[in-house]
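What follows is one structure encoded as structure tokens, with my remarks underneath.
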There are 2 protein chains.
Amino acid sequence: MARVTGTKRSILDAAVELASLNGITGTTMEDVAVRAGVAKGSVYYNFSSKDKLFEQLLLDGVGTLAETLREARGTKTGTPALRSMVDAILELVASNQPMAKLIAAEIFRTDRSWQSPLQLVRREALAEFVAVIQHAHPDRPDAELMAGTVFGAVLVGGIEWLVFSPDRSLQEVSDSVMFMLSGNLTA
Amino acid sequence: MARVTGTKRSILDAAVELASLNGITGTTMEDVAVRAGVAKGSVYYNFSSKDKLFEQLLLDGVGTLAETLREARGTKTGTPALRSMVDAILELVASNQPMAKLIAAEIFRTDRSWQSPLQLVRREALAEFVAVIQHAHPDRPDAELMAGTVFGAVLVGGIEWLVFSPDRSLQEVSDSVMFMLSGNLTA
DNA sequence: GTCTATAGCATGATAGAC
DNA sequence: GTCTATCATGCTATAGAC
């Protein structure tokens, strides 16, 4: 995943920010061009179509997520692995809030042209959670479902944090999530 | 919330289904009209604008959610309350999957014209979770954040269920979620 | 209350100069 | 590789007949 720079980078950055606010369909190529400080023609020179632009954007975002989770887990297992992964997601959400919102909004859209590649990478990210859960419960058939649930909790929690109570620290939020995942909710 | 019927109902139904697939901006008033079996003019007769149409749609959806959670909790507390609310959300997601997807996609959009009323109802729904959590932990300042996290877990889990493993029963999914919320994940 | 027809505008995409 | 100018399309919304 060679790091993108220059004009391509400005365009991608402008695109996430706008799309996290107005949605992909609500973001025009003209908007993107203006925000990136280039002409519309240049956007089309760098990305052959609007679909291609956002496909690359989402694939990069979810790819980074998968990679980050893999690193965060490392060789850990159990609660330490979980905590490390929760922290990693929260850091990612905090450092790229627009991307987090975009992913949250697009991950369940099933009819987009870029859905198949996106779901592939999504599965890759979830696999890290599945590994941790299955290490503790080798016989449960619902590890994948629970992985999705945990991921949803952290993602929504993270966005919730930044949108509605950005004054809290990452540590506080991480503690809250782990507190919940530790069965203390109604104890 | 007087039950809407007739043409208005057909239009609303068509609108959720289309918007859950293509997003709100990706859904045209013409599409809605065709799917509802009426003319575009009739759509505008019943809803003054596209914004108003989707505002009502989302408010109804989240309103139903809040009401359902209130009923599900009743006078229960602790784990029984939680389980009852989890089941209620899953039932709602299952019975109205398009609405669930739409809510998941729109709930974090911060610049929509209908955002303020929507966030109000959202808070109302979360308040039910907050009540349960605060009953067990009166002194925790992060009850609201955890409520958001739990809600995110159930919502994402529910959609995940219907999109990727619709063969499972509601009971199975509910068990998975409660299993996770009970701290068994890495035990 | 529902229809058809159309105004008026914004958008995705391309062509061609520099 | 980036620009300006433009085309063709499709969109929201309205007017007016029935």
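Each chain gets a letter, A, B and so on, in the order its sequence line appears, and its residues count up from 1. When reading the values below, keep in mind they use all heavy atoms of this one structure, side chains included, and skip hydrogens, waters and symmetry mates. The structure displayed is predicted, hence computed values, not measured ones.
Between Y45(B) and dT2(C) there is no side-chain N or O to OP1 or OP2 distance below 4.0 Å. Within the 4.0 Å cut-off from OP1 or OP2 of dT2(D), at least one side-chain nitrogen or oxygen of T7(A) is found. Close to dC3(C), at under 4.0 Å from its OP1 or OP2, lies a side-chain N or O of S42(B).
Ion pairing of K50(B) with E55(B) is absent here, as no side-chain N (NZ or NE/NH1/NH2) approaches a carboxylate O to less than 4.0 Å.
Here A19(A) pairs with I24(A), T27(A), F54(A), L102(A) under the side chain to side chain contact (heavy atoms under 4.5 Å, CB included) rule; sequence neighbours left out.
Using bins of under 30°, 30° to 60° and over 60° for the plane-to-plane angle, the ring pair F179(B)/H137(A) lands in the perpendicular bin.
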In B/S/- notation (B base, S sugar-phosphate only, - none; protein heavy atoms under 4.0 Å), nucleotides 12-18 of chain D written 5' to 3' is BBB----

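Rounded to a whole Å, the CG atom of N46(A) is 8 Å from the C1' atom of dG1(D). Here dG12(C) presents its P atom at 17 Å from NZ of K52(A), a figure rounded to the nearest Å.
For the residue pair R73(B)/S84(B), the side-chain donor-acceptor check at 3.5 Å is not satisfied. Residues Q115(A) and R112(A) have side chains that never bring a donor and an acceptor to within less than 3.5 angstrom of each other. When only modelled atom types and interatomic distance are considered, T28(B) and D31(B) share a side-chain donor-acceptor pair under 3.5 Å.
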